[in-house]
Amino acid sequence: MNGIRAAARRNFLEWLAKTDADLVAIQETKARPNQLGENILSPENWRTFWNSADRPGYSGVAIFSKIEPLRVETKFPAKVLNGEGRILLAEFAKFYFLNVYFPNGKASGERLEFKLEFYDAFLRLAEKLRRTKPVIFCGDVNTAHREIDLARPKANEKISGFLPIERKWLDKIVAKNWLDTFRILHPDERKYSWWSVRSGARERNVGWRIDNFFVSAELRENISRAEIHSEILGSDHCPISLELKFEK
């Protein structure tokens, strides 16, 4: 989002009113609920859930849902997962839904180390949940997995977001039978979800695919559609979507 309040001043609420989605997950809200108006906190037909960072104006995630969750969690056993408002867990009858804003490792070696620690703690959490029921997790993963997932792989081999050690974690995810839903349905398509705000990168489509929907393999047969909506403007990221079909 790069700020929920900024997005609301543009077209987010109008888009929300028109979408047929059941769940909308946003990252980088940069706000606490007490800073927001009722138009954002309680849009018609939506329930909203928030996890904000301790630091003002930083990070933060939210879920907008047309379905009442069985429960929502904002605190987790691993210390690294708390404090920066990076995870929301909503439990539904047939799956767990995790909205995650993974850390960026570009700022320093310490932040890269934090990112990798966060990755590992998150995977432990997701694997534990998966023992009970299937899991969907989505968000800004902040790493492109393979060369097809960014416009200039060779130029970014030594940049956080495409480092071998970061990509290795995504290899681990796939090895544990977590499915990258976009790649399941679009194995050879070059499409991006984030563009630098510098040098007209979006206009030239010099981008990265770093936003993902992953599902545990138990949901493979439920995957119906996975898309990247690069035509929708309003942030340096664009929305991505996943459609799952379940028997009633």
Side-chain angles (χ1 to χ4, degrees), residues 1-7 23-36 40-41 46-65 68-92 95-143 160-161 163 165-166 168-170 172-173 176 178 194 210-216 235 237 240:
M1 274 286 167
N2 198 16
I4 182 67
R5 288 168 288 186
L23 294 167
V24 172
I26 61 175
Q27 300 91 44
E28 203 173 7
T29 59
K30 293 185 174 181
R32 295 172 178 164
N34 62 8
Q35 298 174 301
L36 304 174
I40 300 174
L41 291 174
W46 294 93
R47 301 165 180 83
T48 68
F49 306 93
W50 304 80
N51 190 9
S52 303
D54 295 341
R55 173 181 163 188
Y58 179 74
S59 189
V61 292
I63 292 173
F64 290 67
S65 179
E68 185 69 44
L70 300 176
R71 68 183 176 99
V72 174
E73 296 287 343
T74 61
K75 298 296 181 184
F76 304 94
K79 183 179 179 181
V80 70
L81 300 179
N82 300 305
E84 294 196 359
R86 292 189 176 275
I87 302 185
L88 262 175
L89 165 64
E91 181 182 358
F92 297 92
F95 56 82
Y96 290 107
F97 183 75
L98 284 156
N99 175 18
V100 195
Y101 179 30
F102 291 90
N104 189 313
K106 289 181 180 177
S108 65
E110 289 76 15
R111 285 306 289 180
L112 176 59
E113 185 177 339
F114 175 80
K115 178 181 182 178
L116 297 173
E117 186 180 350
F118 187 101
Y119 272 168
D120 289 340
F122 170 77
L123 181 56
R124 290 193 297 271
L125 170 66
E127 287 284 295
K128 182 178 180 180
L129 291 170
R130 186 182 185 177
R131 295 174 202 154
T132 306
K133 64 176 71 173
V135 176
I136 303 163
F137 77 84
C138 71
D140 179 359
V141 178
N142 256 316
T143 297
S160 179
L163 293 174
I165 195 168
E166 296 166 314
K168 186 176 180 180
W169 182 78
L170 285 166
K172 185 190 300 185
I173 286 280
K176 289 181 176 291
W178 292 90
W194 175 81
I210 57 175
D211 301 272
N212 303 93
F213 272 100
F214 279 89
V215 300
S216 52
S235 173
H237 294 254
I240 64 171

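Note that the numbering runs from 1 along the sequence shown for the chain. Atom set for the values below is all heavy atoms of this structure, side chains included, hydrogens, waters and symmetry mates excluded. Quick caveat, the model's predicted, so the values are computed rather than measured.
- Side chains of Trp46 and Thr48: no donor on one and acceptor on the other come within 3.5 Å.
- Checked by atom type and distance alone, the side chain of Ser52 pairs as donor or acceptor with a backbone atom of Ala31 at under 3.5 Å.
- In terms of heavy-atom proximity, Ala7 sits nearest to Met1 at CB-SD, 3.2 Å.
- Using a distance-only test at 3.5 Å, with no hydrogens or angles considered, no donor-acceptor pair links the side chain of Tyr96 to the main chain of Ala126.
- Annotation: side chain of Val141 is in contact with side chain of Tyr119 (closest heavy-atom distance under 4.5 Å).
- For Asn142 against Phe102, the heavy-atom pair with the smallest separation is ND2-O, 2.9 Å.
- Here the side chain of Asn99 pairs no donor or acceptor atom with the backbone of Gly139 at under 3.5 angstrom.
- In this structure, Trp169 and Thr143 have side chains that are not in contact, with every pair of non-hydrogen atoms separated by 4.5 Å or more.
- Residue-environment remark: NZ (Lys168) stays at or below the threshold of 12 foreign heavy atoms within 6.0 Å.
- Donor-acceptor pairing under 3.5 Å is lacking for the side chains of Asn104 and Lys115.
- Taking a 6.0 Å sphere around NZ of Lys128, one finds it holds 12 or fewer heavy atoms contributed by other residues, nucleotides or ligands.
- Here the closest heavy-atom approach between residue Ser65 and residue Phe49 is recorded as CB-CE1, 4.3 Å.
- Note on Glu127 versus Arg130: salt bridge recorded, some NZ/NE/NH1/NH2 to OD/OE distance being below 4.0 Å.
- A pairwise comparison of heavy atoms in Phe114 and Pro103 identifies CE2-CG, 3.5 Å as the closest pair.
- Residues that satisfy the ring-ring contact (aromatic ring centres under 6.0 Å, His included) test with Phe137, not counting sequence neighbours, are Phe122, Trp178, Phe214.
- The closest donor-acceptor contact from the side chain of Glu166 to the backbone of Gly161 lies under 3.5 Å.
- The shortest heavy-atom contact between Leu41 and Leu36 is CD1-O, 3.6 Å.
- Contact between Leu125 and Leu98 at its shortest, heavy atoms only, is CD2-CD2, 4.3 Å.
- Not a single donor-acceptor pair under 3.5 Å links the side chain of Asn51 to the backbone N or O of Val61.
- Within the 3.5 Å criterion, the main-chain N or O of Leu89 finds no donor-acceptor partner in the side chain of Arg71.
- By the 4.5 Å heavy-atom criterion applied to side chains, Phe118 and Val100 are counted as neighbours.
- For Arg86 (side chain) and Tyr101 (main-chain N/O), a donor-acceptor pair under 3.5 Å exists by modelled atom type.
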